[in-house]
Amino acid sequence: MNKKTNPEIKILPDKPALAAEAAKRFVLLAQTAVEQNGRFTVALSGGSTPRALHELLAQTPLRDQVAWEKVIIFWGDERFVPPDDADSSYLMARETLLDHVPIPSRNIHRVPTVGITPETAAQQYTSTLQSVCGESVPRLDLILLGMGPDGHTASLFPGHPEVVNPSEKLVAAVTNSPKPPPLRLTFTYKLINAAKNVIFLVAGADKAEMVKSVLGEETAVGFPPPAKLVQPSNGKLLWLLDKSAAQQLPNQ
Ligand code: 6PG
């Protein structure tokens, strides 16, 4: 049954507090998933905001509160660059988190980006997700997302085919990302909205206008921003905002 729940919105004083809240939620969700299902499947996000979250998870005390051997890592989107490229979200996650926790390398499912076309990579990653999760439409325990000032999330950008006319694909290739680099892979809404938990991490005054149009009451003129279409059909949606990003919401 599709039950779209209203998002939970939590506003934190600043970026460090945002990261701390996100880390707390990550640990709680990981402990619950491992307790109930013996593992925790999570898709990390690219961008700069998740770095502070990763760094908190990579150090005590939180580091020791997660059963890393039972954590399965994917990426909700990835820049189509080699894994040692400065733009790689995989590299950022390795440097800030994965190289500092006892997670088996077999649990880390990097998006294939070398010696392959984006379209083939999207098909391959779809198969990986399906076989690791054992479901044709995987219901990940947690998908972490960011949002750009233009309302993009993962690599779902305004006006792009997967936003204007979402397909049945789980992972799509993007060839014209307005946020460099242009070549990317991204989870689609079909995969994102199947998740048990989706958490947005959004900070900074430059996003306040878009936060208002995504979370505010008024109906946005024109096509909704990509982030607004993230509405888990049978899962929880949490927006973690810092005060700067939330400043245009009512009662701020
Ligand atoms: C990426 C991300 C992208 C990011 C937003 C926010 O590959 O960059 O997938 O969607 O989450 O652009 O980025 P910041 O966290 O740097 O503001």
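Numbering of ligands and ligand atoms starts at 1, following listing order. Residues take their numbers from the sequence shown, with the count starting at 1.
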List the closest protein heavy-atom neighbour of [atom]: residue, atom name, distance to the nearest 0.1 Å.
{"atom": "atom 5 (C) of ligand 1", "answer": "His152 NE2, 3.4 Å"}
{"atom": "atom 15 (O) of ligand 1", "answer": "Thr49 OG1, 2.6 Å"}
{"atom": "atom 10 (O) of ligand 1", "answer": "Ala154 O, 2.7 Å"}
{"atom": "atom 9 (O) of ligand 1", "answer": "Asp77 OD2, 2.6 Å"}
{"atom": "atom 6 (C) of ligand 1", "answer": "Met147 O, 3.6 Å"}

Of Met92, Lys179, Lys207, Arg79, which has the heavy atom at the shortest distance from atom 7 (O) of ligand 1?
Arg79

Just to be sure I'm reading this right: ignoring hydrogens, which of Ser48, Ser88, Ala203, Ser177 gets closest to atom 14 (P) of ligand 1? Compare them by their nearest heavy atoms.
Ser48

Provide the number and element of each atom of ligand 1 under 4.0 Å from a heavy atom of Ser45.
11 (O)

Any atoms of ligand 1 less than 4.0 Å from a non-hydrogen atom of Gly146? List them with their elements.
11 (O)

Close aromatic pair by centroid cut-off 6.0 Å: Tyr90 and Phe74
no

Could you check whether Arg51 and Thr96, counting side-chain N and O atoms only, form a donor-acceptor pair closer than 3.5 Å?
no

Criterion side chain to side chain contact (heavy atoms under 4.5 Å, CB included) against Asn197, the qualifying member of Arg25, Lys236, Arg139
Lys236

Exactly one of Val202, Leu249, Asn6 should register a side chain to side chain contact (heavy atoms under 4.5 Å, CB included) with Leu215. Which one does?
Leu249

Residue from Ser89, Ser155, Ser45 passing side-chain hydrogen bond (donor to acceptor under 3.5 Å, both in side chains) with Asp77:
Ser155

Over 12 non-hydrogen atoms of neighbours within 6.0 angstrom of NZ in Lys196:
yes

Applying a strict under-4.5 Å side-chain criterion to I, L, V, M, F, W and Y, I'd like to know whether Leu129 and Val230 cluster together.
yes

